[in-house]
There are 2 protein chains.
Amino acid sequence: MMAQWRYAVTDRTTRERILDAALDLFGVRGVVAVSLDEIARHVGVRKQTVLYWFDSKEALVDGVLDKVAAELVIVIDAAVRAAPDDPLDRIDAVVRAVFRPAVRRPGLLGLVREVSRLSQGQADRLAERIAPLIDRAVAYLGDEMAAGRLRAGDPRLIAALGYATITGIATEPEVLRAVGWTADAAGLRSLRDELRAFLRAALQA
Amino acid sequence: MMAQWRYAVTDRTTRERILDAALDLFGVRGVVAVSLDEIARHVGVRKQTVLYWFDSKEALVDGVLDKVAAELVIVIDAAVRAAPDDPLDRIDAVVRAVFRPAVRRPGLLGLVREVSRLSQGQADRLAERIAPLIDRAVAYLGDEMAAGRLRAGDPRLIAALGYATITGIATEPEVLRAVGWTADAAGLRSLRDELRAFLRAALQA
DNA sequence: ATCTCTCTCTACCAATTGGTAGACGATTCG
DNA sequence: CGAATCGTCTACCAATTGGTAGAGAGAGAT
């Protein structure tokens with residue numbers, strides 16, 4: 001709390017680097033599996049320096065969750081703004097926008113996935129930040145359905161299904177690889193294309 | 001190894017109870033977050049008894065993975081056998097069959113989801129057991145497509161998409177709840193129905 | 001009755017965990 | 001220049017982790 005204020009005024013790199021390392025490590029291997037010491041080692045600093053910037057491990061997790069949510073909001077906002085007007089194209093653009101950083105930084109959605117394993121307070125806080133994103137999707141789908149540009153249905157369920165599918169794909173590469181799928185950019189693109197075809201077939205007015 | 005043999009001959013309850021408790025705890029909270037001591041406490045036994053039946057924590061995880069894979073195979077086999085001949089109905093029956101135990105025992109798919117966090121050897125071993133299930137789905141989809149009873153497409157991608165979606169739904173209830181979805185039987189049923197409608201729209205010949 | 005084997009227990013252990021206390025240089029500010 | 005503050009460090013700590021050694025209760029077999 002005090003530390004956060006200090007950071008904003010004076011330093012910038014150490015705290016940011018801790019957050020970056022923690023996001024990657026937490027997201028890929030899980031929060032409980034990664035020790036403060038390992039994060040510190042990745043940053044090139046001592047564990048106590050991490051505890052200087054974040055009062056506790058839980059505070060660090062909170063900081064990382066903030067970062068994840070903020071990054072997702074930025075990515076999605078940009079995609080929506082740049083997307084064409086056609087609803088199917090627009091949905092596709094958002095899916096594509098979420099996928100791209102998910103490949104570059106596996107921890108991004110990996111951490112979202114771990115929400116159910118965090119403490120209740122942390123899970124609630126993350127849900128609070130993800131929910132508006134899904135709510136926006138629900139509102140958008142509802143509008144387009146009302147306008148007759150998408151096939152009628154329950155927008156809430158469709159948004160939930162899409163969310164579950166995206167996080168499922170982004171965080172389950174090992175098993176998918178076992179059936180001959182590759183986690184590289186091409187493999188992800190083909191899966192995304194398949195998802196788009198599904199959405200088109202199911203949502204086309 | 002020796003212990004497994006002993007169990008088969010003489011005892012049955014303690015080892016089974018350890019596996020049951022470990023499946024639930026590992027699946028819900030994660031393997032690294034659950035200590036042998038906690039599992040032992042749930043079973044009503046000392047930690048060293050757990051280490052008597054399983055040489056190490058890793059061996060216990062292996063045992064649980066075996067159990068998960070075996071249960072999934074049984075459930076899916078039964079569903080396939082009892083399902084009607086129509087491919088869409090049959091797909092629906094399998095989805096339904098996987099969902100049912102996933103609600104009753106959240107740990108079942110929760111542990112599958114954690115495959116990426118396990119050691120390489122364990123991840124490979126689990127993938128080996130899940131892959132045949134997906135392979136069967138791929139073969140089935142391919143056959144029905146060739147027979148013209150399902151819309152043509154890449155069965156491998158469709159199976160991967162379905163797998164990712166199911167595990168995503170079954171293991172992400174917290175965030176979904178934040179958008180007004182309930183994780184009870186009714187909520188899950190509605191989501192499953194939506195998934196079925198999607199599959200029908202996308203796969204209908 | 002004793003011997004053997006199965007199973008669970010008590011008693012430890014080294015390593016690692018998140019976290020505290022406080023010393024030490026470097027900067028900034030009066 | 002002196003003082004305060006900031007950022008990182010060394011030095012600890014209690015608790016918990018997975019794991020080992022071995023005692024001892026109970027049942028069956030000889």
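Below, chain A is the first sequence line, B the second, and so on; all start at residue 1. These numbers were taken from a predicted model, which means no experiment stands behind them.
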Residues two or more places apart in sequence or in another chain: which of them pass side chain to side chain contact (heavy atoms under 4.5 Å, CB included) with [X]?
X: A:R46; value: A:Q48, A:T49
X: A:D143; value: none
X: A:D89; value: A:P84, A:D86, A:R200

**Report entry** Under the side-chain hydrogen bond (donor to acceptor under 3.5 Å, both in side chains) test, residues paired with A:D92 that sit two or more places apart
**Finding:**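 Partners of A:D92 under the side-chain hydrogen bond (donor to acceptor under 3.5 Å, both in side chains) test: A:R196.
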**Report entry** Partners passing side-chain hydrogen bond (donor to acceptor under 3.5 Å, both in side chains) against A:R96 (at least two apart in sequence or in another chain)
**Finding:**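 Result, side-chain hydrogen bond (donor to acceptor under 3.5 Å, both in side chains) vs A:R96: none returned.
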Query raised in the report: Is any side-chain N or O of A:Y52 closer than 4.0 Å to OP1 or OP2 of D:dG7?
Result: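 So the side-chain polar atoms of A:Y52 do come within 4.0 Å of the phosphate oxygens OP1 or OP2 of D:dG7, strictly under.
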Report task. Report yes if a side-chain nitrogen or oxygen of A:T14 is closer than 4.0 Å to either non-bridging phosphate oxygen (OP1 or OP2) of D:dG7; otherwise report no. Result ->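 Looking at the OP1 and OP2 atoms of D:dG7, neither is under 4.0 Å from any side-chain N or O of A:T14.
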Query raised in the report: When you measure from the side chain of A:Q122 to the backbone N and O of A:E58, does any donor-acceptor pair fall under 3.5 Å?
Result: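 Yes; judged by distance alone, with no hydrogens or angles, the pair exists.
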Requested in this report: Specify the separation, in whole Å, of atom CZ of A:R17 and atom P of D:dG7.
Outcome: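 The distance from CZ of A:R17 to P of D:dG7 comes to 14 Å, rounded to the nearest Å.
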Query raised in the report: Which whole-number value in Å describes the distance from A:I39 CD1 to C:dT16 C1'?
Result: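 Taking atom C1' of C:dT16 as the reference, CD1 of A:I39 is at 15 Å.
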Only pairs under 3.5 Å count here: list side-chain donor-acceptor contacts from residues 68-82 of chain A, not counting sequence neighbours, and write none if there are none.
| residue | atom | partner | partner atom | Å |
| --- | --- | --- | --- | --- |
| A:D77 | OD1 | A:R136 | NH1 | 2.6 |
| A:D77 | OD1 | A:R136 | NH2 | 3.0 |

Query raised in the report: By salt bridge (charged side-chain N to carboxylate O under 4.0 Å, His left out), which residues pair with B:E194, not counting sequence neighbours?
Result: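 With sequence neighbours excluded, B:E194 shows a salt bridge (charged side-chain N to carboxylate O under 4.0 Å, His left out) to no residue whatsoever.
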Report summary line: Expected string for nucleotides 18-23 of chain D under the B/S/- scheme (protein heavy atoms, under 4.0 Å, primed atoms plus P, OP1, OP2 as sugar-phosphate) is BBB---
Query - Candidate nucleotides C:dC9, D:dC9, C:dC7, ranked by approach to the side chain of B:V45 - the nearest - result: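 Closest nucleotide among those given: C:dC9.
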Could you list all N or O pairs between the protein and nucleotides 26-28 of chain D that sit under 3.5 Å apart?
none

